[in-house]
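Below is one structure, written out as structure tokens, with a few remarks after it.
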Amino acid sequence: MSDSTLSNEQKLAAMLAKQEIHDVLARYARGVDRADGELLTSCYHEDATEEHGPNYSGPAMEYIPGAIERLKLMGPMAHYLCQSHIELDGDTAWVETYVITFARFSGEEGDVDTLTGGRICDRFEQREGHWRIAHRRITFDWNNDAPTNEGWCLGMFDTTAPGFHPGRKDRDDLSYQRF
């Protein structure tokens, strides 16, 4: 059915569904970057499947606790969500979201910054009025690893100054504060 044959009510319902799906994707990125297990759990249906590349394939609810432990031990991380393509089919949505991920890893010869581009392919389902991930697969498109060379904009930002707020992987992160 093309958009031109949909009623305004059907178009509005589709817009609301897509917005809720975008909100879940944003919660997921924030949950991973802040190592917030409760937030990550809220993105999935209880019986969801997570296929996280070659590192994990199985129940999402079993994946989350181990992922949180690993994330807390890692250096800075950031997931940048790009465009999403959402195809609605009743109470199912097929979603492809482009993502760029930054992560810092400790290596034998010093820290390494890695930048990875890929796509998150999800099957969302609406159950009891809520859209959540039912099955997730990840595809990797490219990667670039480089030695860490952090200079904070050639020294423009003083990391010891009172107004400097480094990102944190806990609820003390600036994003959880209300000001």
Side-chain angles (χ1 to χ4, degrees), residues 18-44 48 50-84 95-122 124 130-133 136-179:
K18 289 179 179 184
Q19 183 59 55
E20 187 173 347
I21 290 167
H22 280 288
D23 290 347
V24 170
L25 294 167
R27 273 201 324 267
Y28 175 85
R30 183 179 185 204
V32 169
D33 293 342
R34 302 284 65 81
D36 186 331
E38 183 179 337
L39 199 56
L40 277 180
T41 300
S42 76
C43 299
Y44 293 90
E50 171 77 21
E51 294 183 51
H52 207 87
N55 297 334
Y56 181 85
S57 182
M61 294 304 158
E62 292 178 19
Y63 170 74
I64 293 170
I68 295 300
E69 286 180 30
R70 287 186 303 279
L71 291 167
K72 287 183 178 181
L73 298 174
M74 292 175 60
M77 176 177 276
H79 288 71
Y80 300 101
L81 301 177
C82 303
Q83 74 271 12
S84 293
V95 183
E96 176 191 43
T97 303
Y98 283 75
V99 62
I100 298 172
T101 302
F102 168 86
R104 179 165 295 150
F105 293 94
S106 295
E108 291 180 17
E109 297 179 25
D111 289 348
V112 174
D113 291 342
T114 184
L115 198 58
T116 303
R119 289 166 285 128
I120 301 170
C121 298
D122 291 314
F124 272 73
H130 299 286
W131 287 96
R132 292 198 176 113
I133 301 163
R136 168 167 280 181
R137 288 181 170 169
I138 296 175
T139 184
F140 301 94
D141 293 321
W142 55 268
N143 173 263
N144 184 50
D145 295 333
T148 298
N149 186 16
E150 191 169 83
W152 290 102
C153 300
L154 303 174
M156 182 169 63
F157 293 105
D158 178 359
T159 60
T160 64
F164 187 83
H165 301 283
R168 299 177 50 99
K169 290 186 181 176
D170 57 30
R171 291 198 170 255
D172 288 331
D173 184 77
L174 182 64
S175 67
Y176 289 94
Q177 298 175 23
R178 300 295 179 246
F179 49 92

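Computed from a prediction, not measured in an experiment: that's the story for all the values here. What's counted below: heavy atoms across the whole structure, side chains too, no hydrogens, waters or symmetry copies.
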H22 vs S84, test: side chain to side chain contact (heavy atoms under 4.5 Å, CB included). Steps then yes/no. CA-CA 8 Å; H22 280 288; S84 293; 3.6 Å; yes
Just how far is it from atom CG of L115 to atom OH of Y80, taken to the nearest 0.5 Å? 9.0 Å
Got a salt bridge between R171 and D36, using NZ or NE/NH1/NH2 to carboxylate O under 4.0 Å? yes
Could you tell me whether the side chain of M74 reaches within less than 4.5 Å of the side chain of F105, counting heavy atoms only? yes
Residue pair P54 / F140, side-chain heavy-atom distance below 4.5 Å: yes
Think R168 forms a cation-pi with Y176, using NZ or CZ under 6.0 Å from the six-ring centre and within 45 degrees of its axis? no
Any side-chain donor paired with an acceptor under 3.5 Å for S175 and R34? no
For the atom pair CG (L71) and CD (E69), what is the distance rounded to the nearest 0.5 Å? 10.0 Å
Between the side chains of N143 and T114, does any donor sit under 3.5 Å from an acceptor? yes
Does a sphere of radius 6.0 Å around CZ in R137 hold more than 12 heavy atoms from other residues, nucleotides or ligands, not counting ones at 6.0 Å or beyond? no
Side-chain heavy atoms of I100 within contact of C82, under 4.5 Å: yes
Answer whether the closest heavy-atom distance between the side chains of Q83 and Y98 falls below 4.5 Å. yes
Has K169 got a side-chain atom pairing as donor or acceptor with P76's backbone, closer than 3.5 angstrom? no
Of the non-hydrogen atoms in E62 and P65, which two are nearest, and what is the gap between them? O-CD, 3.6 Å
Side chains of T116 and W142: closer than 4.5 Å at any heavy-atom pair? no
Less than 4.5 Å apart, side chain to side chain, heavy atoms only: is that true for D141 and R119? yes
M61 vs Y44, side chain to side chain contact (heavy atoms under 4.5 Å, CB included): CA-CA, chis, key distance, verdict: CA-CA 8 Å; M61 294 304 158; Y44 293 90; 3.6 Å; yes
In Å, rounded to the nearest 0.5 Å, how long is the span from CD of E50 to CD1 of I64? 8.0 Å
Starting at CZ of R30, measure out to CG of L81 and round the result to the nearest 0.5 Å. 13.5 Å
Relative to each other, are the rings of Y63 and Y56 parallel, tilted or perpendicular (30° and 60° limits)? tilted
Are F124 and L25 close enough that some pair of their side-chain heavy atoms sits under 4.5 Å apart? yes
T148 side chain to D111 main-chain N or O, any donor-acceptor pair under 3.5 Å? yes
Can you find a heavy atom in the side chain of I68 that is under 4.5 Å from one in the side chain of L40? yes
Parallel, tilted or perpendicular, as decided by the 30° and 60° cut-offs, for the rings of H79 and Y28: perpendicular
When you look at V95 and I21, which way does the side chain to side chain contact (heavy atoms under 4.5 Å, CB included) test go after all the steps? CA-CA 9 Å; V95 183; I21 290 167; 3.9 Å; yes
Under the 3.5 angstrom rule, does the side chain of E20 hit a backbone N or O of W131 as a donor-acceptor pair? yes
Could you tell me whether the side chain of R132 and the main chain of S42 form a donor-acceptor pair under 3.5 Å? yes
Closest approach of F179 to L174 (non-hydrogen atoms, all atoms of both residues): CE2-CD1, 4.4 Å
Show, in sequence, the C-alpha distance, side-chain angles and deciding distance for I120 and E96, and conclude whether the side chain to side chain contact (heavy atoms under 4.5 Å, CB included) test is met. CA-CA 6 Å; I120 301 170; E96 176 191 43; over 6 Å; no
NZ/NE/NH1/NH2 to OD/OE distance under 4.0 Å, E150 and R104: yes
In Å, rounded to the nearest 0.5 Å, how long is the span from OG1 of T101 to CG of D33? 8.0 Å
